[in-house]
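The residues of the chain are indexed from 1 along the displayed sequence. The basis for the numbers below is simple: all heavy atoms, side chains too, and nothing from hydrogens, waters or symmetry mates.
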Amino acid sequence: MATAGKVIKCKAAVAWEAGKPLSIEEVEVAPPQAMEVRLKILYTALCHTDVYFWEAKGQTPVFPRIFGHEAGGIVESVGEGVTELSPGDHVLPVFTGECGDCRHCLSEESNLCDLLRINTDRGAMIGDGQTRFTARGGQPVYHFLGTSTFSEYTVVHVGCVAKIHPAAPLDKVCVLSCGISTGFGATVNVAKPPKGCTVAIFGLGAVGLAAMEGARISGASRIIGVDLNPAKFEQAKKFGCTDFVNPKDYDKPVQEVIIEMTNGGVDRSVECTGNAAAMISAFECVHDGWGVAVLVGVAGKDAAFKTHPTNFLNERTLRGTFFGNYKPRTDLPNVVEMYMNKELELEKFITHSVPFSEINTAFDLMLSGESLRCIIRMED
C-alpha cells in the first residue's frame, strides 16, 4: 500500500473528556512499529465497556482518548517482525491477545495471555509506551484496550489481531470481537450444557443473549431468562428463552424461585450482569450433584461473593470465564466459520446501524437501552 511507512491523516471520534459527546476530527496515525499492524477499520460496534470508560465514573480517567474495541477491518501495513499478517488481510482486532509464547498461550486450558491480556488503564502501545495517535496541535491521543477502533485507521499489536476468512461480511462478524463471543463461549466452552438440559441466564443484554444463543444451539430443553426489565423477555424469545423470571416479582430470593420451577435447580447457569447478588443467585440455583454456574460479569472492586461451603460440598461447581475462553488468534476464525456455515446467527444481535458521523447516536441508543449492538459504518 502506498501509505506504508508514512503517517496517515484520517478521521477519528475523539473523547476529550468524560461523558461529553465524541468529536469527529482529523488525527495523525503513525506507522506501526515492531510487532504492530496498522488497520483500516471498516465497521465498528459500540459495546457497554466503551460507554463505561467514557463515563469514567468508577476508574482513572484517561483523556483525550479514542474508544472502540469491537470491529472489523483490513490490514493496511505491518511493522518489523510481523510475519503472520499481510496488507489486505481481513481481520478482527481484539481487546485481549495471544502472544503465542507465554505459559497461558501454551496451555490448552487458558486464554489469559501474560503479555497482552486486557489492561483498561493503559493508553499507549506496550512496545515503546508511546501513543500512535496525534490530534490538533500535536497533542497525543490515548489508546483504549489496545484497539481504538473509533478511528478510520488504528495501530494494534499483532497478537491482538485475528485473521479471518476474506468472504466473511465484516459488518456482521465485527460483533464477534468482544461481547457475542464472550457470552456464547461462556456457555459452549465453559458451562457445556448437555443436550436436553435446563439453563438459566442472568442478565439479558447482548452478552447474556449470546450466552442464551449458546444454550439454544447446545440443545437445552428449557432456558430461563432472569432480568429486572420485563420488556426484555419478548426479545429473548428469539434466542431460545422459554421462561422469564423477574426477581422483583417475588418476595424470596430468585434462586429459590428457580429451584422450585425446575424441581431442584437448573443444570447450568450463566451470569452476565456483574452484580454480586446475581452471581450468588446464579450459583445457588444450580442443581446439586452436577450443576455448573459460570460467572461472566465484571463485579465492582469492593464486591464480595458469599455462599455457604455446603453448596460446594453438595457438588455444585462454580467457574469463571474471560472472553468465553477463546484464544483470539487461534479460535475466533473458527467462530467466524460457524457464522458462515449458518451454525451461528449474528443478525439478530444487530439492532441498529449508523454512519460514523452519527456515532454519538450509538451512545444514546445504548444508554437508553434500545440497542443490543449498533454498527458504525466508517466509510459512510
Side-chain angles (χ1 to χ4, degrees), residues 104 107-112 179-227 236 239-245 247 253-299 303-327 331 335 344:
H104 286 279
S107 163
E108 292 185 3
E109 297 181 56
S110 175
N111 65 342
L112 299 172
I180 308 309
S181 294
T182 295
F184 186 74
T187 301
V188 300
N189 295 335
V190 187
K192 297 179 179 176
K195 190 172 183 178
C197 77
T198 55
V199 180
I201 307 292
F202 286 72
L204 302 181
V207 175
L209 292 176
M212 186 171 282
E213 180 73 354
R216 184 187 70 81
I217 287 175
S218 298
S221 62
R222 192 176 183 188
I223 302 174
I224 302 169
V226 183
D227 202 284
F239 299 83
C241 190
T242 58
D243 302 77
F244 179 78
V245 174
V254 69
Q255 53 266 50
E256 293 182 17
V257 175
I258 293 172
I259 287 169
E260 289 177 9
M261 288 173 64
T262 56
N263 191 28
V266 291
D267 302 305
R268 300 289 186 268
S269 72
V270 185
E271 181 282 326
C272 304
T273 70
N275 177 283
M279 293 178 180
I280 295 166
S281 297
F283 175 56
E284 294 184 352
C285 80
V286 300
H287 206 290
D288 58 4
W290 59 79
V292 179
V294 178
L295 305 186
V296 179
V298 180
F305 185 98
K306 185 178 179 182
T307 191
H308 198 280
T310 304
N311 288 321
F312 293 98
L313 296 176
N314 286 338
E315 299 177 3
R316 294 178 181 88
T317 300
L318 179 65
R319 296 199 59 181
T321 178
F322 171 71
F323 191 49
N325 210 225
Y326 287 118
K327 291 178 184 284
D331 297 330
V335 184
L344 172 64

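With hydrogens and angles ignored, the 3.5 Å screen pairs a side-chain donor or acceptor of Thr242 with a backbone N or O of Ile223. With Ser107 contributing its side chain and Glu109 its backbone, the two residues share a donor-acceptor pair below 3.5 Å. Checking side-chain atoms of Arg316 against main-chain N and O of Val286 turns up a donor-acceptor pair under 3.5 Å.
Contacts classified as salt bridge (charged side-chain N to carboxylate O under 4.0 Å, His left out) and involving residues 286-299 (residues at least two apart or in different chains) are not found. Residue pairs meeting the side-chain hydrogen bond (donor to acceptor under 3.5 Å, both in side chains) criterion with at least one member in residues 179-188: none, sequence neighbours excluded. Judged as a ring pair (Phe, Tyr, Trp, His ring centres under 6.0 Å), the pairs with a partner in residues 263-285 (not counting sequence neighbours) are, in order, Phe283-Phe312.
The side chain to side chain contact (heavy atoms under 4.5 Å, CB included) test applied to Asn189 returns Asn325, Tyr326, not counting sequence neighbours. With sequence neighbours excluded, no residue forms a side-chain hydrogen bond (donor to acceptor under 3.5 Å, both in side chains) with Glu315. Ser110 is linked by a side-chain hydrogen bond (donor to acceptor under 3.5 Å, both in side chains) to His104, counting only residues two or more places apart in sequence or in another chain. Applying the side chain to side chain contact (heavy atoms under 4.5 Å, CB included) test to Val254 and every residue at least two apart in sequence or in another chain returns Phe202, Val226, Val245, Pro247, Ile258, Ser281. The side chain to side chain contact (heavy atoms under 4.5 Å, CB included) search around Leu344 returns Leu176, Phe184, Glu213, Ile217, Val335, Met338, Leu346, not counting sequence neighbours. Scanning for ring pair (Phe, Tyr, Trp, His ring centres under 6.0 Å) contacts around His287 gives Trp290, with sequence neighbours left out. Phe323 pairs by the ring pair (Phe, Tyr, Trp, His ring centres under 6.0 Å) definition with Phe95, not counting sequence neighbours. Contacts of Ala303 classified as side chain to side chain contact (heavy atoms under 4.5 Å, CB included), with partners at least two apart in sequence or in another chain: Ala276, Ala299.
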Please list every donor-acceptor pair under 3.5 Å in which a side-chain atom of residues 193-200 meets a protein atom from a residue at least two apart or in another chain.
{"from": "Thr198", "atom 1": "OG1", "to": "Asp267", "atom 2": "N", "distance (Å)": "3.1"}
{"from": "Thr198", "atom 1": "OG1", "to": "Asp267", "atom 2": "OD2", "distance (Å)": "3.1"}

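Residue Thr307 holds its OG1 atom at 13.5 Å from CE of Met279, rounded to the nearest 0.5 Å. Distance check: Phe305 CZ to Leu295 CG gives 6.0 Å after rounding to the nearest 0.5 Å.
The closest side-chain heavy-atom distance from Ile224 to Thr262 is below 4.5 Å. Residues Ile259 and Glu256 have side chains not in contact (no heavy-atom distance under 4.5 Å, counting atoms from C-beta outward).
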